[in-house]
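Here the structure is laid out as structure tokens; the discussion comes afterwards.
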2 protein chains.
Amino acid sequence: MAPMAKSATASERRTEILKSAAAAFRRRGYHGASVDEIASALEMTKGNLYYYFKNKEEILFACHEYSLDMLLALMAEVQADTASPEAKLRKLVLAFVHLILDELHGTALTLDPEALSPVLFKRVIVKRDQFDQGVRAIIQLGIDEGSFKAGDPKLIEFAMMGAVNWIPKWFDPEGPATSNQIGDAFADYLVGGLLKP
Amino acid sequence: MAPMAKSATASERRTEILKSAAAAFRRRGYHGASVDEIASALEMTKGNLYYYFKNKEEILFACHEYSLDMLLALMAEVQADTASPEAKLRKLVLAFVHLILDELHGTALTLDPEALSPVLFKRVIVKRDQFDQGVRAIIQLGIDEGSFKAGDPKLIEFAMMGAVNWIPKWFDPEGPATSNQIGDAFADYLVGGLLKP
DNA sequence: TACGTCCTTAAACGCTCGTTCAAATCCATG
DNA sequence: CATGGATTTGAACGAGCGTTTAAGGACGTA
């Protein structure tokens, strides 16, 4: 029969683990965080984790996929939009900051993907490249249509994404700036700075 | 008597170790890199490292101090300059990129300082804050004197530094972009974007 | 040659951590 | 209640790693 949604489905349980793991990885890094740490934050034993995941690496990989899929969904949404490159980029930055801070709790591309074995690493890189290309395409469009200053879209995109990806390194939830304020300020600076005078 | 500069002084040896350690930390992270890995890259045994450093953590700390001292020296130089805020910022970004890529080989603030014990961590933070404040002061000056757009200097500084600190994550020495091209492009975008139209 | 200091080595210790596994427990169903 | 699959436990293992230590070498000096 169809399984009941009793207290927590297996899929929900996996997600819980991913959130705990992501928090631990972010605090201590992949190698610094222990499997036991991830488990006991959920009041389960570490052995139990292996019922849901093959090993630690697979947990890290799932974290990356989870984040990247959200980013790619965002990208698809933006691409479907018919707004100007400027508006698209603004929306992207705003949503990205919101996603990283409020949804993923500072856990996007910061989690060292190099810790993955070559096969899984490559799969992460493919998705990340897909996102990068999307951003670059918007920048290129703005340059072509003449609303953005000339420049290398690749380097500009790296700078934009670097600024945003770095946020978790200094963000303090107790601090003065809310995620919305940060998003606005970053969009103003990073997108506004691209516009031709 | 004064020690001879035979093949390598003790101080040079320490620096060699720091360079090897920085490379290893950058590749695998602090916890991911083993002491043995650092040592054997220099064709020495791991036990020998403990003649030069008390423990692994002290090596990480020394890496940070080394980088931060160079950054602070750069900041002092820029501050002594009498140029415009725009010129100062440009110089700072250019030199920062050059420093990170050519001198430190992608090893500035990327090496997880959170791995340090509270005491050493605090000492790193103090220096990093000192640098941050310096950058913010320049931005504030530009805003006050009216050459820069209005904005929160703190958030703008975070964005700038994030963009620059992220460079090692994607930089490929074999790639098409040289450190000078990257420096120029980043200065154009990050500083140029601040200017009032 | 003999000494003493600086440097290096090799081996061992102790601890942590990822992973495995057989047994125990839970729980919807018949 | 009894069954059986899903889930959880607790203990154990084996490997890797940071660190210590005692002894060995290199080498300028007396």
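Letters A, B, ... mirror the listed sequences (proteins, then strands); counts begin at 1.
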Checklist entry - Does A/T45 or B/D36 map to a spot on DNA chain D nearer the 5' end, using the closest nucleotide for each? => result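 Its nucleotide being nearer the 5' end, the pick is A/T45.
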Checklist entry - Between B/W170 and A/F158, what is the ring plane arrangement, given parallel below 30°, perpendicular above 60°, and tilted in between? => result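 Plane angle under 30°, so parallel.
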Item to check | Geometric class of the B/F96/B/F131 ring pair [parallel <30°, tilted 30-60°, perpendicular >60°] | outcome: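 The rings of B/F131 and B/F96 stand perpendicular, inter-plane angle above 60°.
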Checklist entry - When you measure from the side chain of B/Y50, which nucleotide among C/dG18, D/dT20, C/dA12 comes out closest? => result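 Among the listed nucleotides, the one closest to the side chain of B/Y50 is D/dT20.
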Item to check | Closest to side chain of B/V35, choosing from D/dT9, D/dT19, C/dC17 | outcome: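 So the side chain of B/V35 is nearest to D/dT19.
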Whole-Å distance separating the [atom1] atom of [X] from the [atom2] atom of [N]:
X: B/E58; N: D/dT19; atom1: CD; atom2: P; result: 10 Å
X: A/I59; N: C/dC17; atom1: CD1; atom2: C1'; result: 13 Å
X: B/E16; N: C/dC7; atom1: CD; atom2: P; result: 13 Å
X: A/N55; N: C/dG18; atom1: CG; atom2: P; result: 11 Å
X: A/I17; N: D/dT7; atom1: CD1; atom2: P; result: 11 Å
X: B/Y51; N: C/dA10; atom1: OH; atom2: P; result: 18 Å
X: B/K46; N: D/dT20; atom1: NZ; atom2: P; result: 12 Å
X: B/L49; N: C/dC7; atom1: CG; atom2: C1'; result: 13 Å

Checklist entry - Would you say a side-chain N or O of A/N48 is under 4.0 Å from OP1 or OP2 of D/dT7? => result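 False: A/N48 side-chain N/O out of range (4.0 Å or more) of D/dT7 OP1/OP2.
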Checklist entry - Looking at B/R13, does any N or O in its side chain come under 4.0 Å of the phosphate oxygens OP1/OP2 on C/dT8? => result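 Result: yes.
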Next on the checklist: Mind checking if A/A33 touches a base, just sugar-phosphate, or nothing, with heavy atoms under 4.0 Å?
Outcome noted: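 It contacts sugar-phosphate atoms only.
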Checklist entry - Under 4.0 Å between a Lys/Arg side-chain N and an Asp/Glu carboxylate O for A/K149 and B/D188? => result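 Looking at B/D188 together with A/K149, the answer is no, because their closest N to O distance does not fall below 4.0 Å.
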Item to check | Whichever of B/Y52 and A/S34 has its nearest DNA chain C nucleotide further upstream toward 5' | outcome: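 The residue whose closest nucleotide sits nearer the 5' end is B/Y52.
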Item to check | Pair B/Q140-B/D144, side-chain donor/acceptor within less than 3.5 Å | outcome: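 Side-chain D/A pair, B/Q140 to B/D144: present.
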Checklist entry - Does any donor atom in the side chain of A/E145 or A/S147 lie under 3.5 Å from an acceptor atom in the other side chain? => result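 Judged by distance alone, the side chains do pair up.
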